[in-house]
Amino acid sequence: KNTSPSPAAMLLRKLRRLSWGSTAVQLFLLTVVTFGLLAPLACHRLLHSYFYLRNWHLNQMSQEFLQQSLKEGEAALHYFEELPSANGSVPIVWQATPRPWLVITIITVDRQPGFHYVLQVVSQFHRLLQQCGPQCEGHQLFLCNVERSVSHFDAKLLSKYVPVANRYEGTEDDYGDDPSTNSFEKEKQDYVYCLESSLQTYNPDYVLMVEDDAVPEEQIFPVLEHLLRARFSEPHLRDALYLKLYHPERLQHYINPEPMRILEWLGVGMLLGPLLTWIYMRFASRPGFSWPVLLFFALYSMGLVELVGRHYFLELRRLSPSLYSVVPASQCCTPAMLFPAPAARRTLTYLSQVYCHQGFGKDMALYSLLRAKGERAYVVEPNLVKHIGLFSSLRYNFHPSLL
């Protein structure tokens, strides 16, 4: 009579043979402790992590962010109130050459005046330019005011220190009489006006278009210097239509439609997998080499980086300008866009051929033009600006939130 044990009995016997010192048990426990205990405890307040406890922290963190932004807005206001006025003769940002290398154009409208968003942006740019010194003498700040009303207090204050172009000053614009021109199309037209004004006024080599709620990071000028003078001399980058300096952190995960990130994700496993395998083999006193262990640690490291948040690991690239990466751009968001002058002129032509509306803003219009016109565009990682505006200029937002 056949008395061979059942598959369930055989599995039970194998499990009983496992000891605390076995590799399978140790790696299983490592996985449970890492992803079930340590990572959730360490990352539950990280806004862009899968472990973030939104229901616990989001409202409080959003309110804290708004309060901090109010304080920084007041500080920016005092910064300019205490700064000697240029009186139209000696601007606070010099023009050492008649033709600047880089024009930094800040597009502004009047919104949430208590936060003084545009003052925060301009004061930070001014401070960084002062720190940069002679290396940034070819840089010019330029404010583009596209507010229809005359009540934009911050723009009036900045006009004492920074050259300003006012789109609606002393003009009759068709926008007010044409109900078919929606806010998205108006935003695009404003963008075109500011980009064109930058080119006509200064004829620079590059135009950096910055929205008035995008505060520059400390490293922005050294990184731009390295990218534009070294990296963008490469043929595949030289003729790019634009370079984005910001992509929303919530969209920076590996599990996203950008295929280049999958290659980077695999690279994380190939780099950290062997390293963690060597550490484990050494401390566990395991002889030789094991491919299954290597595969485990490759997947372990890939999962950990994704769940903790790719955004936080990108911050390691800030150690040096040469570590910043340049990858193909995706469609979302235009807080800071860098245009070479020839590409800026092409962009003006392209944008005049499209009409924006809800669901098809200027960011999507620019992205759609890449394939239609055979152009290329890139984004730098990590971000070179911080997006501080929780109040949209296109939509009413009665409950501003970080997510």
Side-chain angles (χ1 to χ4, degrees), residues 65-86 88 91-93 102-130 139-169 183 186-195 197-198 201-202 207-218 220-221 245-246 333-338 362 383-397 400:
F65 183 87
L66 288 171
Q67 292 300 318
Q68 182 62 29
S69 188
L70 278 171
K71 293 179 181 178
E72 292 176 356
E74 287 299 315
L77 176 62
H78 294 320
Y79 180 90
F80 284 106
E81 287 178 341
E82 297 172 0
L83 202 66
S85 174
I92 58 172
V93 180
L102 172 68
V103 168
I104 306 159
T105 300
I106 296 136
I107 311 165
T108 182
V109 294
D110 189 20
R111 54 173 169 171
Q112 298 299 324
F115 290 87
H116 301 291
Y117 285 137
V118 68
L119 297 185
Q120 293 187 53
V121 174
V122 177
S123 63
Q124 177 73 341
F125 266 119
H126 176 245
R127 186 177 66 82
L128 294 177
L129 286 169
Q130 297 287 76
H139 297 31
Q140 174 65 48
L141 272 180
F142 184 51
L143 187 68
C144 188
N145 178 19
V146 294
E147 175 62 42
R148 286 188 54 81
S149 69
V150 295
S151 61
H152 197 345
F153 168 80
D154 290 344
K156 292 180 180 178
L157 175 62
L158 288 173
S159 65
K160 301 177 183 178
Y161 310 100
V162 179
V164 180
N166 295 287
R167 180 179 181 192
Y168 298 106
E169 185 177 55
S183 57
K186 176 189 178 297
E187 185 191 42
K188 184 212 76 176
Q189 293 175 6
D190 291 341
Y191 203 81
V192 167
Y193 168 81
C194 294
L195 182 57
S197 296
S198 305
T201 304
Y202 295 105
V207 179
L208 175 57
M209 299 286 286
V210 183
E211 296 177 4
D212 61 0
D213 57 358
V215 175
E217 295 279 4
E218 295 283 337
I220 186 169
F221 291 124
L245 307 191
Y246 175 86
C333 312
T334 57
M337 308 275 286
L338 183 79
K362 70 179 188 300
N383 292 334
L384 286 175
V385 299
K386 293 177 289 189
H387 186 242
I388 62 171
L390 298 190
F391 299 92
S392 173
S393 60
L394 296 175
R395 309 172 184 87
Y396 290 107
N397 188 357

Determine whether [X] and [Y] make a side-chain contact, defined as any pair of heavy atoms from C-beta on separated by less than 4.5 Å.
X	Y	answer
L128	E218	yes
Y191	M337	yes
I107	Y193	no

Do you know the tightest heavy-atom contact between [X] and [Y]?
X	Y	answer
I388	F65	O-CE2, 3.5 Å
L143	V162	N-CG1, 4.0 Å
C194	M209	CB-CE, 3.8 Å

Hey, could you give me the [atom1]/[atom2] distance between [X] and [Y], rounded to the nearest 0.5 Å?
X	Y	atom1	atom2	result
N383	L245	CG	CG	8.5 Å
K160	F80	NZ	CZ	11.5 Å
C333	K362	SG	NZ	9.0 Å
E74	F115	CD	CZ	10.5 Å
L141	I106	CG	CD1	5.0 Å
L119	H78	CG	NE2	11.0 Å

For the pair [X] (side chain) and [Y] (backbone), establish whether a donor and an acceptor sit closer than 3.5 Å, ignoring hydrogens and angles.
X	Y	value
H387	D213	no
S123	Q120	yes
S69	L66	no

Aromatic plane relationship, F221 with F125 - under 30° parallel, 30 to 60° tilted, over 60° perpendicular: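 Taking F221 first and then F125, their aromatic rings sit tilted (interplane angle of 30° to 60°).
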side-chain hydrogen bond (donor to acceptor under 3.5 Å, both in side chains) between Q130 and R127, worked out: CA-CA 5 Å; Q130 297 287 76; R127 186 177 66 82; over 6 Å; no
Residue pair Y79, V122: steps toward the side-chain contact (heavy atoms from CB on, under 4.5 Å) verdict: CA-CA 10 Å; Y79 180 90; V122 177; over 6 Å; no
E82: partners by side-chain hydrogen bond (donor to acceptor under 3.5 Å, both in side chains), with sequence neighbours left out: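 With neighbours one apart ignored, the set is empty.
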Salt bridge (Lys or Arg N to Asp or Glu O under 4.0 Å) partners for E72, two or more places apart: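 Result, salt bridge (Lys or Arg N to Asp or Glu O under 4.0 Å) vs E72: none returned.
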Residues which pass salt bridge (Lys or Arg N to Asp or Glu O under 4.0 Å) with D212, listed by chain and number, not counting sequence neighbours: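 D212 satisfies salt bridge (Lys or Arg N to Asp or Glu O under 4.0 Å) with R111 once adjacent residues are dropped.
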Trace of the side-chain hydrogen bond (donor to acceptor under 3.5 Å, both in side chains) decision for T334 with E211: CA-CA 8 Å; T334 57; E211 296 177 4; 2.8 Å; yes
Reference residue N145; test side chain to side chain donor-acceptor pair (under 3.5 Å); the match among D154, D110, N166: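 Among the candidates, only N166 passes.
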Y161 ring center near H126 ring center (under 6.0 Å):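 Between H126 and Y161, which both carry aromatic rings, the centre distance is not below 6.0 Å.
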